[in-house]
Amino acid sequence: MQSLQQIISRVFWRVSLNKKYNLTIATDIKGKGGVSSVLKVLDEAGFYKDTNTKLITSHSNYNNFNLFFQLVTFSFCILKLLYNLVFFNITLVHIHLASRGSYKRKSILTRIVCFFKVKIIIHLHGAEFKEFYNNECDDAKKNHIKNTFNMADRVIVLSTQWLDWIDSILLDKSKGLVVYNAVPELPIFETKVEKHFNFVFLGRLGERKGVADLISAFSRVLKLHPNARLLLGGDGDLNKYKQIVRDLSIENEVKFLGWISGNEKLEILKKANSYVLPSYNEGFPMGVLEAMSCKIPVIASRAGGIPDAITSNEEGILIDAGDTNALVKAMLFSIESPEKVESMQNKAFIKYLENFSPNTVVPQIIKIYKDLGAI
C-alpha cells in the first residue's frame with residue numbers, strides 16, 4: 001500500500017509536468033539600473049503572472065553585495081534553474097544579458113538550458129556590448145559569444161542600431177527582434193515654478209554617460225544664464241565629479257543628489273526644465289523615456305537606441321557624444337527658445353504613447369512567447 005507521502009509526490013509530479021511554466025533570469029528586480037527597471041515595468045503590467053513566469057535572480061547590485069554574496073547568488077541561481085528544469089514543465093527561459101561579468105554568467109546558464117532542449121530568449125541590454133566584443137575579446141571569445149547567441153530561439157535587442165549589429169553574428173537573421181524598453185506613464189505635471197532653470201541628469205555618474213562633458217558645458221552656459229542649475233541624480237564616482245565642479249568654482253550651482261527613485265525621482269522631475277543625457281554608449285535609456293512620458297524636454301547624444309526615440313529637432317535635440325560645443329548650444333536653445341521646445345516635448349509625448357508605453361511594448365513580448373509556444 002502506498003504511503004500518503006508517495007501519493008502526494010506522484011500527484012505533485014504529474015501536476016508539475018502538465019502545467020507549463022516559463023523562467024526569467026536576470027539581475028535582482030529590487031536592484032538599480034536599467035534591467036531592474038525593465039523587470040519592474042513588466043511586473044507592474046502583470047506580465048509575469050499572465051505568462052506564468054518565475055523570476056530567478058542571477059546577480060544583485062542591491063545594497064552593494066560583495067563578491068562572496070554574488071558567488072552565492074549565482075550558485076543558487078544555477079541550482080534553482082536545474083531544479084525547475086528537472087521537476088517542472090519549463091517551456092521557455094528568458095535570459096536578460098549584458099557584457100563582461102553578466103555575459104560570463106548568462107553564457108553558462110544558456111548552455112544549461114540548451115542541454116535540456118528548452119527554448120531560449122536572450123534579451124540584450126549591455127550598452128557597451130559592442131565595445132566589449134570588438135575590443136576586449138580575442139577570436140576564441142568572439143566565437144564563444146556567437147555560439148551563445150545562436151543557441152537562442154530569439155534575440156531581443158533594444159533598437160534598430162543594435163539589430164544591425166546582432167544580425168552580423170546571427171546565422172538565422174530572423175531570430176533578431178527589436179523590442180523597445182517601456183516605462184509606465186508618469187504623471188504629467190506642470191514644472192514647479194522656480195527661480196532657476198534646472199537641467200536634470202539621472203543615471204550612474206561615469207565616463208560612459210558623458211558626465212564630465214555635461215559639467216563642462218554647463219559651466220559655459222552658466223556664464224550667460226546665471227540662474228541655471230544642474231541636478232545630478234545617481235551613484236558612481238561622485239568624488240571625481242565633485243572635484244571637477246570645485247575646480248570650475250560652480251559648487252553652488254551643481255547639486256549631487258545621489259541615487260534616487262520612486263517619489264523622490266518624481267519630485268526631481270517636477271523641477272526639471274530639461275533632461276540631459278550626453279552618453280557615449282547606451283542600450284535604450286529609461287530616463288529618456290521617463291522624460292518623454294511626462295513632457296520634459298530632452299537633450300541627448302546619438303548613442304545606442306536614443307535616435308529611435310528622439311529625432312533631432314522634432315522630439316528633442318540630439319548631439320554627437322563628446323561634442324561639448326553642440327551640447328552648450330542645445331542647452332542654451334532649451335533656455336532661450338521656450339515655444340519651440342514646447343512643440344518638441346508635445347511631439348515626444350505622442351511618440352512615447354505610440355512606441356514606449358507598457359500598453360504598446362508588453363503585447364510585443366507576449367506575442368514572442370506565443371510564437372514560441374510558451375503561452
Side-chain angles (χ1 to χ4, degrees), residues 23-28 31 33-36 38 56-61 65-79 81-82 85 92-179 204 206-209 279-285 303-305 321:
L23 302 177
T24 286
I25 303 177
T27 190
D28 192 344
V35 178
S36 296
V38 169
I56 298 178
T57 298
S58 61
H59 172 266
S60 179
N61 54 22
F65 276 14
N66 62 31
L67 179 60
F68 172 75
F69 283 106
Q70 298 295 3
L71 290 172
V72 171
T73 300
F74 185 59
S75 298
F76 272 107
C77 172
I78 292 175
L79 291 174
L81 175 60
L82 289 170
L85 290 171
L92 181 151
V93 180
H94 189 157
I95 300 174
H96 292 261
L97 177 152
S99 56
R100 302 184 181 93
S102 175
Y103 172 75
K104 290 180 182 178
R105 292 187 294 272
K106 306 305 171 49
S107 67
I108 294 170
L109 301 176
T110 299
R111 282 158 176 77
I112 292 173
V113 178
C114 192
F115 176 81
F116 281 86
K117 301 186 185 306
V118 171
K119 290 180 179 177
I120 301 169
I121 294 174
I122 291 179
H123 203 141
L124 179 59
H125 295 269
E128 296 182 295
F129 201 93
K130 283 184 277 189
E131 285 67 26
F132 164 65
Y133 179 85
N134 291 325
N135 303 325
E136 301 175 31
C137 298
D138 57 20
D139 288 342
K141 186 68 171 288
K142 287 179 179 177
N143 286 330
H144 190 273
I145 292 171
K146 289 178 182 178
N147 289 337
T148 300
F149 281 102
N150 280 289
M151 288 176 185
D153 296 274
R154 296 289 187 276
V155 178
I156 295 175
V157 294
L158 306 182
S159 70
T160 54
Q161 293 86 348
W162 279 98
L163 183 62
D164 290 340
W165 181 79
I166 203 67
D167 279 350
S168 72
I169 66 172
L170 288 177
L171 298 176
D172 181 356
K173 305 294 187 290
S174 67
K175 289 183 178 182
L177 300 167
V178 175
V179 177
R204 188 170 181 82
E207 291 183 15
R208 180 173 72 83
K209 295 284 188 179
S279 297
Y280 284 78
N281 293 297
E282 283 292 348
F284 207 105

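Throughout, residue positions are numbered sequentially from 1 according to the sequence presented.
The two residues Val113 and Leu85 have their closest heavy-atom pair at CA-CD1, 4.3 Å. A pairwise comparison of heavy atoms in Ala321 and Ser279 identifies CB-O, 3.3 Å as the closest pair. Heavy-atom minimum distance, Val178 versus Ser159: CG2-O, 3.5 Å. The two residues Ile122 and Thr148 have their closest heavy-atom pair at CD1-O, 3.6 Å.
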Audit row: Arg111, Asn147, side-chain contact (heavy atoms from CB on, under 4.5 Å) steps and yes/no: CA-CA 10 Å; Arg111 282 158 176 77; Asn147 289 337; 3.9 Å; yes
side-chain contact (heavy atoms from CB on, under 4.5 Å) evaluation trace for Ile78 with Leu82: CA-CA 6 Å; Ile78 292 175; Leu82 289 170; 3.9 Å; yes
Residue pair Ile145, Phe132: steps toward the side-chain contact (heavy atoms from CB on, under 4.5 Å) verdict: CA-CA 11 Å; Ile145 292 171; Phe132 164 65; 3.8 Å; yes
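The main-chain N or O of Ile120 is found under 3.5 Å from a side-chain atom of Asp153 such that the two form a donor-acceptor pair. Looking only at distances, a side-chain donor or acceptor of Thr27 sits under 3.5 Å from a matching main-chain atom of His59. Of the possible polar contacts, none joining the Lys106 side chain to the Ala98 backbone as a donor-acceptor pair under 3.5 Å is found. Between the side chain of Asn281 and the backbone N or O of Gly126, no donor-acceptor pair lies under 3.5 Å.
In this structure the side chain of Leu158 never reaches within 4.5 angstrom of the side chain of Leu124, judged on heavy atoms. A heavy-atom distance below 4.5 Å is not found between the side chains of Val93 and Phe116. A 4.5 Å side-chain heavy-atom check between Leu97 and Phe149 finds at least one atom pair inside the cut-off. Residues Ile169 and Tyr133 form a side-chain contact, since some pair of their non-hydrogen atoms from C-beta on lies under 4.5 Å apart. Side-chain contact between Thr24 and His123 is absent, with no heavy-atom pair separated by less than 4.5 Å. For the pair Asn150 and Leu170, the minimum side-chain heavy-atom distance is below 4.5 Å. Proximity of Tyr103 to Lys141: side-chain heavy atoms (C-beta onward) are separated by under 4.5 Å at one or more points. The shortest side-chain heavy-atom distance between Arg208 and Glu282 falls under the 4.5 Å cut-off.
Atom CG of residue Leu109 and atom SG of residue Cys77 lie 4.5 Å apart, to the nearest 0.5 angstrom. Annotation: the span from Arg154 atom CZ to Ser174 atom OG amounts to 6.5 Å, rounded to 0.5 Å. Atom-to-atom distance recorded for Lys209:NZ and Tyr280:OH is 14.0 Å, nearest 0.5 angstrom. Distance CD/Glu128 to CG/Asn134: 12.5 Å, rounded to 0.5 Å. Rounded to the nearest 0.5 angstrom, Ile25 CD1 and Ile56 CD1 are separated by 5.0 Å. Annotation: the span from Leu23 atom CG to Leu81 atom CG amounts to 6.5 Å, rounded to 0.5 Å.
The neighbour count for Lys173 NZ, taken as heavy atoms of other residues, nucleotides or ligands under 6.0 Å away, is above 12. Phe76 CZ: 12 or fewer foreign heavy atoms inside a 6.0 Å radius. Other residues, nucleotides and ligands contribute more than 12 heavy atoms inside 6.0 Å of the CD atom of Glu136. Remark: Asp139 CG is loosely packed, at most 12 non-hydrogen atoms of other residues, nucleotides or ligands lying under 6.0 Å away. Atom NZ of Lys142 has more than 12 neighbouring heavy atoms from other residues, nucleotides or ligands inside a 6.0 Å radius.
Taking the six-membered ring for Trp and thresholds of 30 and 60 degrees, Trp165 and Trp162 have ring planes more than 60 degrees apart, a perpendicular arrangement.
The side chain to side chain donor-acceptor pair (under 3.5 Å) test applied to Ser168 returns no partner, not counting sequence neighbours. For Phe68, the side chain to side chain contact (heavy atoms under 4.5 Å, CB included) test picks out Asn66, Val72, with sequence neighbours left out.
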